There are 2 protein chains.
Amino acid sequence: MAPPTAQPEKRPQSRQAARAQTESAILTAAQTVFAEAGFGGATMQMIADLAGLPKANLHYYYATKEDLYRHVVQDIFEIWLDAAASFDHAPDPATGIGGYIDAKMEISRRHPNGSKVWASEVMHGAPVIQDYLESTLRDWTDGRIAVIQKWIDAGQMAPISPRHLLYMLWATTQHYADFGHQVQTLNGGKPLSKAEWQTAKDTVKQIILRGIRAA
Amino acid sequence: MAPPTAQPEKRPQSRQAARAQTESAILTAAQTVFAEAGFGGATMQMIADLAGLPKANLHYYYATKEDLYRHVVQDIFEIWLDAAASFDHAPDPATGIGGYIDAKMEISRRHPNGSKVWASEVMHGAPVIQDYLESTLRDWTDGRIAVIQKWIDAGQMAPISPRHLLYMLWATTQHYADFGHQVQTLNGGKPLSKAEWQTAKDTVKQIILRGIRAA
DNA sequence: AATTTTCTTGACCGATTGGTCAGCTTGTGT
DNA sequence: ACACAAGCTGACCAATCGGTCAAGAAAATT
């Protein structure tokens with residue numbers, strides 16, 4: 001599954017800092033393994049090896065595999081929600097939605113494994129974070145729909161369905177993480193270069209912003 | 001995992017027809033279980049139960065779990081490629097791409113489990129169908145890029161990146177299958193009605209077709 | 001009717017998994 | 001220095017998994 005990545009950094013340090021560091025190493029390794037193998041395909045041994053720890057040690061910090069998985073998913077969810085900052089307080093659709101696309105594309109580029117774990121979780125019926133979908137995500141979505149609707153009512157953009165516009169934004173931006181392997185294969189097997197990422201961003205923004213602007 | 005669905009239809013029939021029927025029942029059950037649990041989370045026993053057959057019988061038709069999985073993925077891949085029919089021989093972008101969106105949205109509606117299995121496979125690095133990505137899918141993609149480029153050169157649409165436009169089309173249409181659970185949750189827990197599906201289709205088509213039309 | 005082939009199945013097996021635990025080491029407070 | 005708590009780990013276990021197999025049932029062929 002790859003060589004261990006954890007650089008123990010054997011310095012004397014406070015117990016609290018060491019704990020936080022170990023937990024973080026476990027979460028990072030778990031995110032990678034869950035993304036590559038799925039929840040069912042991942043094993044605690046794989047995660048332990050990648051984190052450079054004995055398996056029994058994982059169970060000292062996280063009682064069960066499901067407990068560890070839940071923490072990974074929740075971490076992603078928070079990153080995911082934070083991307084909305086540029087969405088609010090925007091004077092117009094081009095700024096707000098354009099900024100949101102930039103933010104979400106950047107997350108796809110920097111946290112592809114997190115995005116994959118989230119996608120996997122939802123695809124399998126969200127057994128772990130169903131309550132988040134029904135509370136936090138629903139509220140978040142309703143709020144953004146209201147913002148978009150306000151723009152529409154003010155004549156700043158075309159009268160399309162705000163809800164399905166949001167779905168399009170999620171789908172297009174997360175595609176570059178979730179289907180990153182496919183994108184890379186169709187890119188000659190090489191990861192997207194910086195310029196190619198920029199082209200992706202620009203294309204997505206151009207099509208969507210032109211697609212929603214007032215007639 | 002749900003009650004068995006296989007209706008044996010105990011009629012005297014040719015051996016060949018019975019075999020085809022059994023294989024189809026297994027594939028359908030497998031598609032559902034793989035979509036719901038992932039490859040690692042799925043068990044042959046789950047598939048057998050859903051198909052209404054003893055587990056040992058599955059191994060008579062499909063030697064291994066991986067063999068069965070491969071057949072499921074290949075079936076989806078073919079349906080997936082067939083959706084391109086309306087893409088070719090189209091006189092203009094609106095007809096060709098609009099028709100492609102319709103076809104792919106219809107697949108998401110009718111074969112959500114297939115789409116999920118495909119997504120899962122790609123997300124985990126395409127361990128089984130990597131060769132398809134590198135041959136069939138790459139050729140298919142290059143061909144469609146050429147068509148789009150031709151439209152651009154003829155001034156029939158805006159000069160955007162054909163490749164990333166394709167990614168957008170895949171992402172937006174497959175989102176309604178792969179993230180169907182999330183869409184349903186945000187729809188008050190109820191599946192999209194016929195009218196809501198139509199709104200989804202119309203919104204996707206409107207935004208993209210307006211987004212790519214010649215300035 | 002006899003025989004061969006295809007299909008079906010319960011019982012079984014080695015391997016792997018998530019999780020446990022007793023005992024050890026290391027750090028902390030007094 | 002001492003005692004206690006926190007952190008760590010190899011060895012182990014019950015449960016489950018994919019897959020096998022021998023023996024029988026059902027159909028096709030002769």
Side-chain angles (χ1 to χ4, degrees), chain A residues 1 4 6-27 29-31 33-34 36-73 124 127-128, chain B residues 1 4 6-27 29-31 33-34 36-73 124 127-128:
Chain A
M1 179 69 65
Q7 297 289 352
E9 187 67 41
K10 284 286 182 186
R11 286 290 182 129
Q13 55 182 339
S14 77
R15 209 128 206 191
Q16 187 178 322
R19 174 161 203 129
Q21 197 169 307
T22 305
E23 283 178 350
S24 172
I26 293 173
L27 283 174
Q31 190 186 64
V33 173
F34 282 135
E36 288 179 0
F39 178 81
T43 71
M44 295 298 273
Q45 189 64 59
M46 290 182 197
I47 298 171
D49 289 347
L50 187 60
L53 295 169
K55 193 188 72 171
N57 207 348
L58 262 63
H59 284 98
Y60 177 76
Y61 288 96
Y62 299 95
T64 67
K65 184 183 177 184
E66 207 175 303
D67 182 36
L68 173 55
Y69 176 74
R70 183 175 288 109
H71 275 85
V72 171
V73 174
H124 296 19
V128 166
Chain B
M1 179 69 67
Q7 297 288 353
E9 187 68 41
K10 285 285 182 186
R11 286 288 184 132
Q13 54 183 336
S14 79
R15 206 123 210 194
Q16 187 178 322
R19 174 161 204 129
Q21 195 168 309
T22 304
E23 284 178 349
S24 172
I26 293 172
L27 284 174
Q31 190 187 62
V33 173
F34 283 135
E36 288 180 359
F39 179 80
T43 72
M44 295 298 273
Q45 189 63 59
M46 291 181 196
I47 298 170
D49 289 347
L50 187 59
L53 295 170
K55 193 188 70 169
N57 208 347
L58 260 62
H59 283 98
Y60 178 78
Y61 288 96
Y62 300 94
T64 67
K65 183 184 177 183
E66 207 175 304
D67 182 36
L68 173 55
Y69 176 74
R70 182 174 289 108
H71 275 85
V72 171
V73 174
H124 296 32
V128 166

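Letters A, B, ... are given to chains in the order of the sequence lines, protein chains preceding strands, and every chain is numbered from 1. All values reported here derive from a predicted model rather than from experimental measurement.
A:Arg19 has no side-chain polar atom (N or O) that falls below the 4.0 Å cut-off from OP1 or OP2 of D:dA6.
Residue-to-nucleotide contacts include a donor-acceptor pair under 3.5 Å from the side chain of B:Lys55 to the base of D:dG19.
Here the side chain of A:Ala56 is nearest to one of D:dG19, D:dG10, D:dC17, namely D:dG10. Listed nucleotides: D:dT20, C:dG10, C:dG19. Nearest to the side chain of B:Pro54: C:dG10. Looking at the side chain of B:His59, the nearest of the listed nucleotides D:dT20, C:dG19, D:dC17 is D:dT20.
With rounding to whole Å, A:Leu58 atom CG is found 14 Å from C:dT17 atom P. B:Lys65 has its NZ atom 12 Å from the C1' atom of C:dT16, to the nearest Å. Distance B:Gln21 CD to C:dC7 C1': 15 Å, rounded to the nearest Å. Straight-line distance from the CD atom of B:Gln45 to the P atom of C:dT17: 20 Å, rounded to whole Å. A straight line from CE of B:Met44 to P of D:dT16 spans 18 Å, rounded to a whole angstrom. Summarising the geometry, the separation between CG on A:Asn57 and P on D:dC8 is reported as 5 Å, rounded to the nearest angstrom. Remark: P of D:dG19 and CD1 of B:Ile47 are 11 Å apart, rounded to the nearest angstrom. Taking atom OH on B:Tyr60 and atom P on D:dA25, their separation rounds to 17 Å, with Å as the unit.
A:Ser24 places no side-chain N or O within donor-acceptor distance of the main-chain N or O of A:Ala20, the cut-off being under 3.5 Å.
Checked options A:Val73, A:Ile47, A:Val33; the residue passing with A:Leu68 is A:Ile47 (criterion: side chain to side chain contact (heavy atoms under 4.5 Å, CB included)).
One finds the NE2 atom of B:His71 at 7.5 Å from the CD atom of B:Glu23 (value rounded to the nearest 0.5 Å).
No contact: B:Thr22 has no heavy atom under 4.0 Å from any strand.
The aromatic rings of A:Phe34 and A:Phe39 lie parallel to each other, their planes meeting at an angle below 30°, with 60° marking the opposite boundary.
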